[in-house]
Amino acid sequence: MAREICISNEFIEKELPLAPPLYVSIYLMTKALEDADAATIARRLNVLESDVVRAWQYWQERERAKPVEQASTRVFMEQKPEYSMAELSEYMKHGEMKALLQTAQRKLGKPLTQQDISMIFGLYDWLGFSIDLIEVLLSYCVSDGFKGMRYVEKVAMAWAEEGIQTVDKAVEYIEMRKTSFHTIMRAFGQSGRMPVEGEETYMKKWLREYEMSIDVIKVACERTVMQTGKVSFAYADSILKKWKDAGVKSPADIEALDRAFAAKKTVKAGEQKAVVTQPKQNRFINYPQRQWDFEKLEKLQREERDKW
């Protein structure tokens, strides 16, 4: 009778979607063949022994990562493994991998070197990308005019850092860069260049953390240039932060804030104008004035003249 394997629902829901398919197979076989060594696991699955060792290292890292929900951005080893020609030749026998290399050669428009093949296989084995995701990655890089595998690998590592492990997430990321980033740069008057890393960080914050629409971000960028006379992502960020705190979601909300600010300014100006300026006091004004009876004074003057 076959031995049953117990796997929790939490593991299935949270770990399996992140893990490379090969590592899942090795995990299950390891659970089934308790106390089996790497060589035995490799023979049963028809894979390389080095694959088994790397899979075990991966699951050990996942076991140490607490909490599980936060351990998603680095699902690959710090040091990229080196692949021998024997290992690559073994994997090239698989139909999917062979088809991938043919697709890569066609997209890159050149024969693949051993180093190119090693890098492409690393995307699958090291970073855990699916065949479909690697094809999307290659298409994306080539469409931007980059056909070198070093550039492709650099982009792939950035995707892995951001937790992009599915085609849907990759398509979402590409759309953000090609449409949203381009629109923001154009609003700054910078459509002729690509954003640098620091600028991308700000834009991702506006789109993801602040959850601002592209139309609202455009207004903030345009006001930044008008008020400062330069491109300042930090200044635009301060505007968007205030709008986020005020609950702004659309250009109409911005107009409402502007009207409220203008009305408040008008009321304040009216209050200042209504204040009566008190006359400045001095010792002459403060001195009590006598009240003179001029008729009586003239009478006294006539009486004095009559005496003379």
Side-chain angles (χ1 to χ4, degrees), residues 15-28 42 45-55 58 72-182 194 200:
E15 289 295 332
L16 293 192
L18 296 176
L22 177 61
Y23 291 2
V24 174
S25 299
I26 293 173
Y27 176 87
L28 296 174
L45 290 175
N46 193 26
V47 298
L48 298 174
E49 189 174 336
S50 59
D51 291 331
V52 177
V53 173
R54 279 194 292 270
Y58 170 82
S72 60
T73 57
R74 288 194 71 88
V75 297
F76 51 92
M77 295 156 42
E78 289 293 334
Q79 295 297 324
K80 182 178 70 172
E82 296 293 334
Y83 303 105
S84 66
M85 196 60 207
E87 289 178 301
L88 296 176
S89 298
E90 185 67 28
Y91 271 100
M92 286 172 65
K93 295 177 183 178
H94 296 279
E96 283 189 342
M97 187 57 62
K98 188 175 181 180
L100 173 62
L101 295 176
Q102 291 173 346
T103 300
Q105 184 167 286
R106 186 175 65 255
K107 289 181 180 295
L108 298 176
K110 65 173 186 176
L112 299 179
T113 65
Q114 180 179 341
Q115 186 179 33
D116 292 336
I117 296 173
S118 178
M119 286 184 172
I120 293 171
F121 179 66
L123 303 180
Y124 174 82
D125 178 67
W126 175 45
L127 299 184
F129 284 12
S130 67
I131 300 294
D132 291 339
L133 182 58
I134 295 173
E135 290 182 356
V136 171
L137 170 68
L138 290 169
S139 297
Y140 169 67
C141 293
V142 170
S143 68
D144 273 353
F146 297 97
K147 296 186 177 183
M149 275 307 303
R150 290 194 180 278
Y151 179 83
V152 173
E153 185 181 64
K154 182 179 178 181
V155 174
M157 291 174 66
W159 284 14
E161 287 280 3
E162 294 206 24
I164 300 174
Q165 293 284 332
T166 66
V167 171
D168 288 342
K169 284 191 175 183
V171 170
E172 180 184 345
Y173 176 83
I174 292 170
E175 180 66 20
M176 180 180 68
R177 283 188 58 86
K178 286 189 175 292
T179 302
S180 300
F181 283 13
H182 178 72
M194 293 292 291
E200 285 194 12

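The first residue of the sequence shown is numbered 1, and numbering continues consecutively from there.
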What heavy-atom pair brings Met157 and Leu127 nearest, and what distance separates the two atoms?
N-CD1, 4.1 Å
Rounding to 0.5 Å, atoms CE (Met176) and CZ (Phe181) come to a distance of 4.0 Å
Quick one: does Tyr23's side chain have a donor or acceptor within less than 3.5 Å of a partner on Asp125's backbone?
yes
Is any side-chain heavy atom of Leu100 closer than 4.5 Å to one of Glu135?
yes
pair Pro20-Tyr58: side-chain heavy atoms closer than 4.5 Å:
yes
Minimal heavy-atom distance between Ala170 and Leu133, with the atoms involved, is CB-CD1, 3.6 Å
Around atom NZ of Lys98, are there more than 12 heavy atoms from other residues, nucleotides or ligands closer than 6.0 Å?
no
Measure the spacing between OG1 of Thr103 and CD1 of Ile131 and express it to the nearest 0.5 Å.
9.0 Å
From Glu172 atom CD to Glu175 atom CD, the distance as rounded to the nearest 0.5 Å:
9.5 Å
Return the CG to OG1 distance between Asp132 and Thr166, rounded to the nearest 0.5 Å.
11.0 Å
How would you list, by chain and number, every residue that makes a ring pair (Phe, Tyr, Trp, His ring centres under 6.0 Å) with Tyr83, sequence neighbours excluded?
Phe121
Apply side chain to side chain donor-acceptor pair (under 3.5 Å) to the pair Glu87 and Ser50, showing each step before the final yes or no.
CA-CA 9 Å; Glu87 289 178 301; Ser50 59; 2.6 Å; yes
Please examine the side chains of Asp144 and Lys178, heavy atoms only from C-beta on, and report whether any two atoms are closer than 4.5 Å.
yes
Look at the aromatic rings of Trp159 and Tyr140 and report parallel, tilted or perpendicular, splitting at 30° and 60°.
tilted
Does Glu162 form a salt bridge (Lys or Arg N to Asp or Glu O under 4.0 Å) with Lys169? I'd like the steps, not just the answer.
CA-CA 10 Å; Glu162 294 206 24; Lys169 284 191 175 183; over 6 Å; no
Glu90 and Lys93 ion-paired at < 4.0 Å
yes
Side chains of Val136 and Ile174, heavy atoms from C-beta outward: is any pair under 4.5 Å?
yes
Side-chain contact, heavy-atom cut-off 4.5 Å: Trp126 with Met119?
no
What donor-acceptor contacts under 3.5 angstrom involve side-chain atoms of residues 106-114, with partners at least two apart or in another chain?
{"from": "Lys107", "atom 1": "NZ", "to": "Ser139", "atom 2": "OG", "distance (Å)": "2.7"}
{"from": "Thr113", "atom 1": "OG1", "to": "Gln115", "atom 2": "N", "distance (Å)": "3.4"}
{"from": "Thr113", "atom 1": "OG1", "to": "Asp116", "atom 2": "N", "distance (Å)": "3.1"}
{"from": "Thr113", "atom 1": "OG1", "to": "Asp116", "atom 2": "OD2", "distance (Å)": "3.2"}

Return the CD to CZ distance between Gln165 and Phe129, rounded to the nearest 0.5 Å.
5.5 Å
Interatomic distance, CD1@Ile134 vs CD@Glu96, rounded to 0.5 Å, equals 10.5 Å
